[in-house]
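What follows is a set of notes on a single structure, which appears directly below.
Keep in mind that what you see is a predicted model, and the values were worked out from it rather than measured. All heavy atoms count here, side chains included; hydrogens, waters and symmetry mates do not.
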Amino acid sequence: MAADQRIVIENCSIATVDARDTEYADGYVVIAGNRIEAVGAGRAPEGLENVVRRIDATGHLVTPGLVNTHHHYYQWITRGLATDHNLFNWLVALYPTWARIDEPMVYAAAQGSLAMMARGGVTTAMDHHYVFPRDSGDLSGAIIRAARETGVRFTLARGSMDRSEKDGGLPPDFAVETLEGALTATEATVKEHHDPSFDAMTQVAVAPCSPFSVSTELLREGAELARRLGVRLHTHGSETVEEERFCHELFGMGPTDYFESTGWLGEDVWMAHCVHMNDSDIAAFARTKTGVAHCPSSNARLAAGIARVPDMLAAGVPVGLGVDGTASNESGELHTELRNALLINRLGTHKEAALNARQALRLGTYGGAQVLGRAGQIGSLEPGKLADLVLWKLDTLAHASIADPVTALVLGAAAPVTASFVNGRQIVETGRLLHVDEDAIARATRAEAQRLAQLAGR
């Protein structure tokens, strides 16, 4: 829409997720261009000019769009494999298959991953892609193209691996890049695709994969590269006890101390998982404002453990939610992570006091915006912020008898998305994507999954 054109959404419950957790039982949202112009109780103001659309949102809850902070899109075409493995065994089982991906596979897998998230309320997505087989094509470009077509706001975490089996790592030797090759390609991706502007639709982060697949030099030089280019840093950290043992054996220290020694703690850094964190680790993350992508379903699928999210939040650590790759979370939906984050954390030491429904919603919205470095632009419904928002239908059989709409959204069945807006542009209508063909994507992902299985000899 033009900047002076308006969409008015009325007669809805609203959870703004602002600093005061402001909510309206019956309110309105005004979108002007790609910004939120007004949010409030009751009817929208009279006399608004250039209103091109009015939406009667009776029976709906309006929230900020969900923000996904960790994913691996290519895994969409290897779902349902190695279902009874822990992380290290799962990686060893799947790396030989993943090392055979190419551009058409990655594009189709990105389409599938993005489509599943977008139709379930995600408006800002990210992908941590770190597998770059030789002569496989423009994988980063394919992922970014899929995100642009779907219509979501997007961060590509350009990953890399240079520690293979011959160096004591997990990936096969033919699945990694050289140190110089990884750094050069990452810098080129940032320079070609990263947009630093307020309303950017595409951003890029520097993202060496993990301590057990990356050399110390790649971590250290990757951090220096990111800060020279002014972009964020992302990696996996403290996911399993095996990783902690690996770090102690190889580096003589735990993961957090190792990351700090290589320049990988700071307010421009976020890490996936962070399951096995002691008090000192949490204090270091809080002191440096290092962010965490909490992936409850994947952590459970791989038997990694329960992250200490309540303790992180109490200490002031920024925490968002992540789907993680769909080879370890086959559903690929972020809105289910709201519920799983609440339930799984209540199995920990804090029991029923671990998280409540509003804290879970905050993790999936504002918390995610924080860890992606975009809390000033997205993650809450406030005037001046970008118009990324979702209308959840809560008046059907699945939710109608739950009085509190936020509780209905978080603890109830997955709520239908009637409409989803990104940058003021609608991308979902009554649960269907508006700008891509879901059925065609389903056919393409199935075909590419079968082709990859044949190449891998499965």
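Ring planes of H234 and W270: parallel class, angle under 30° (limits at 30 and 60°). Ring geometry for Y258 versus F251: interplanar angle under 30°, hence parallel rather than tilted (30 to 60°). Ring geometry for Y74 against H72 counts as tilted: the plane angle lies between 30° and 60°, on a 0 to 90° scale.
At distances below 3.5 Å, at least one donor-acceptor pair connects side-chain atoms of R362 with backbone N or O atoms of D18. Checked by atom type and distance alone, the side chain of H294 never pairs as donor or acceptor with a backbone atom of V319 at under 3.5 Å. One N or O on the side chain of W90 and one on the backbone of A327 form a donor-acceptor pair closer than 3.5 Å. In this structure a side-chain-to-backbone donor-acceptor pair under 3.5 Å is present from E438 to L433. Side chain of T365 to main chain of L361: a donor-acceptor pair is present (N/O by atom type, distance under 3.5 Å, no hydrogens or angles). E177 contributes no side-chain N or O that, together with a main-chain N or O of D162, makes up a donor-acceptor pair within less than 3.5 Å. Listed for the R339 side chain is a donor-acceptor partner under 3.5 Å among the backbone atoms of L411. Remark: side-chain polar atoms of T150 are not paired, donor with acceptor, to backbone N or O of V152 under 3.5 angstrom. In this structure a side-chain-to-backbone donor-acceptor pair under 3.5 Å is present from Q359 to N356. In terms of modelled atom types and a separation under 3.5 Å, the side chain of R163 and the main chain of S213 share no donor-acceptor contact.
Looking only at side-chain heavy atoms (C-beta outward), L381 and K385 stay at 4.5 Å or farther from each other. Proximity of W264 to T288: side-chain heavy atoms (C-beta onward) are nowhere separated by under 4.5 Å. Side-chain contact check for L265 versus M271: some heavy-atom pair is nearer than 4.5 Å. With a 4.5 Å cut-off on side-chain heavy atoms, H236 and C209 count as touching. Side-chain contact between S160 and L218 is present, with heavy atoms from C-beta onward closer than 4.5 Å. Residues L386 and R153 are in side-chain contact: their nearest non-hydrogen atoms beyond the backbone lie under 4.5 Å apart. You'll find the side chain of V62 reaches within 4.5 Å of the side chain of L391, heavy atoms only. For the pair L225/E187, a side-chain contact is recorded, criterion being any heavy-atom separation below 4.5 Å from C-beta on.
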side-chain contact (heavy atoms from CB on, under 4.5 Å) assessment of H70 paired with H273
CA-CA 9 Å; H70 186 65; H273 303 296; 4.0 Å; yes
Using the rule given for side-chain contact (heavy atoms from CB on, under 4.5 Å), can you reason through V371 versus V67, listing the C-alpha separation, both sets of side-chain angles and the distance that settles it, and then say yes or no?
CA-CA 10 Å; V371 303; V67 179; over 6 Å; no
Kindly determine whether S420 and V390 satisfy side-chain contact (heavy atoms from CB on, under 4.5 Å), including the steps that lead there.
CA-CA 4 Å; S420 182; V390 178; 3.8 Å; yes
Quick one, Q75 with T326, criterion side-chain contact (heavy atoms from CB on, under 4.5 Å). Give me CA distance, side-chain angles, the key distance, then yes/no.
CA-CA 5 Å; Q75 293 181 13; T326 48; 4.1 Å; yes
Does the pair H71 and D127 meet the rule for a side-chain hydrogen bond (donor to acceptor under 3.5 Å, both in side chains), with working shown?
CA-CA 5 Å; H71 211 317; D127 185 31; 5.0 Å; no
For E103 and Y107: C-alpha separation, side-chain torsions, deciding distance, then whether side-chain hydrogen bond (donor to acceptor under 3.5 Å, both in side chains) applies.
CA-CA 6 Å; E103 185 176 337; Y107 174 66; over 6 Å; no
Test R374 against D388 for salt bridge (Lys or Arg N to Asp or Glu O under 4.0 Å), laying out the working first.
CA-CA 12 Å; R374 305 203 67 174; D388 294 8; over 6 Å; no
List the steps and the verdict of side-chain hydrogen bond (donor to acceptor under 3.5 Å, both in side chains) for S13 and E23.
CA-CA 8 Å; S13 300; E23 296 181 13; over 6 Å; no
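In terms of heavy atoms, V406 sits closest to A15 at CG2-CB, 4.0 Å. Of all non-hydrogen atoms in A360 and L338, the two that sit nearest each other are O-CD2, 3.3 Å. Nearest approach of G120 to V417, heavy atoms of both residues: C-CG2, 3.9 Å. Scanning all heavy atoms of the two residues, the minimum distance from G332 to V323 falls at CA-CG1, 3.7 Å. Scanning all heavy atoms of the two residues, the minimum distance from A108 to T445 falls at O-CG2, 3.2 Å. In this structure, A146 and A110 approach most closely via the heavy-atom pair CB-CB, 3.8 Å.
Distance CZ/R100 to CG/L452: 8.5 Å, rounded to 0.5 Å. A distance of 8.0 Å separates NE2 of H193 from CG of L156, quoted to the nearest 0.5 Å. Taking CG of L409 as the reference point, atom NE2 of H399 lies at 7.0 Å (rounded to 0.5 Å). T418 contributes atom OG1, which lies 8.0 Å from atom CD of E429 (distance to the nearest 0.5 angstrom). The CZ atom of F154 sits 13.5 Å away from the CG atom of D195 when rounded to the nearest 0.5 Å. Between R245 atom CZ and H276 atom NE2 the span is 10.0 Å, to the nearest 0.5 Å.
The side-chain hydrogen bond (donor to acceptor under 3.5 Å, both in side chains) search around E224 returns none, not counting sequence neighbours.
Residues in residues 333-374 take part in no ring pair (Phe, Tyr, Trp, His ring centres under 6.0 Å) pair, two or more places apart or across chains. The salt bridge (Lys or Arg N to Asp or Glu O under 4.0 Å) pairs that include a residue from residues 294-321 are D279-R308, R301-E330, R308-D311, where partners are two or more places apart or lie in different chains.
Counting non-hydrogen atoms of other residues, nucleotides and ligands closer than 6.0 Å to CZ of R446 gives a total of 12 or fewer.
Taking the charged nitrogens against the carboxylate oxygens, D102 and R451 do have a contact shorter than 4.0 Å, which makes a salt bridge. With salt bridges taken as basic N to acidic carboxylate O contacts below 4.0 Å, one links R358 and D404.
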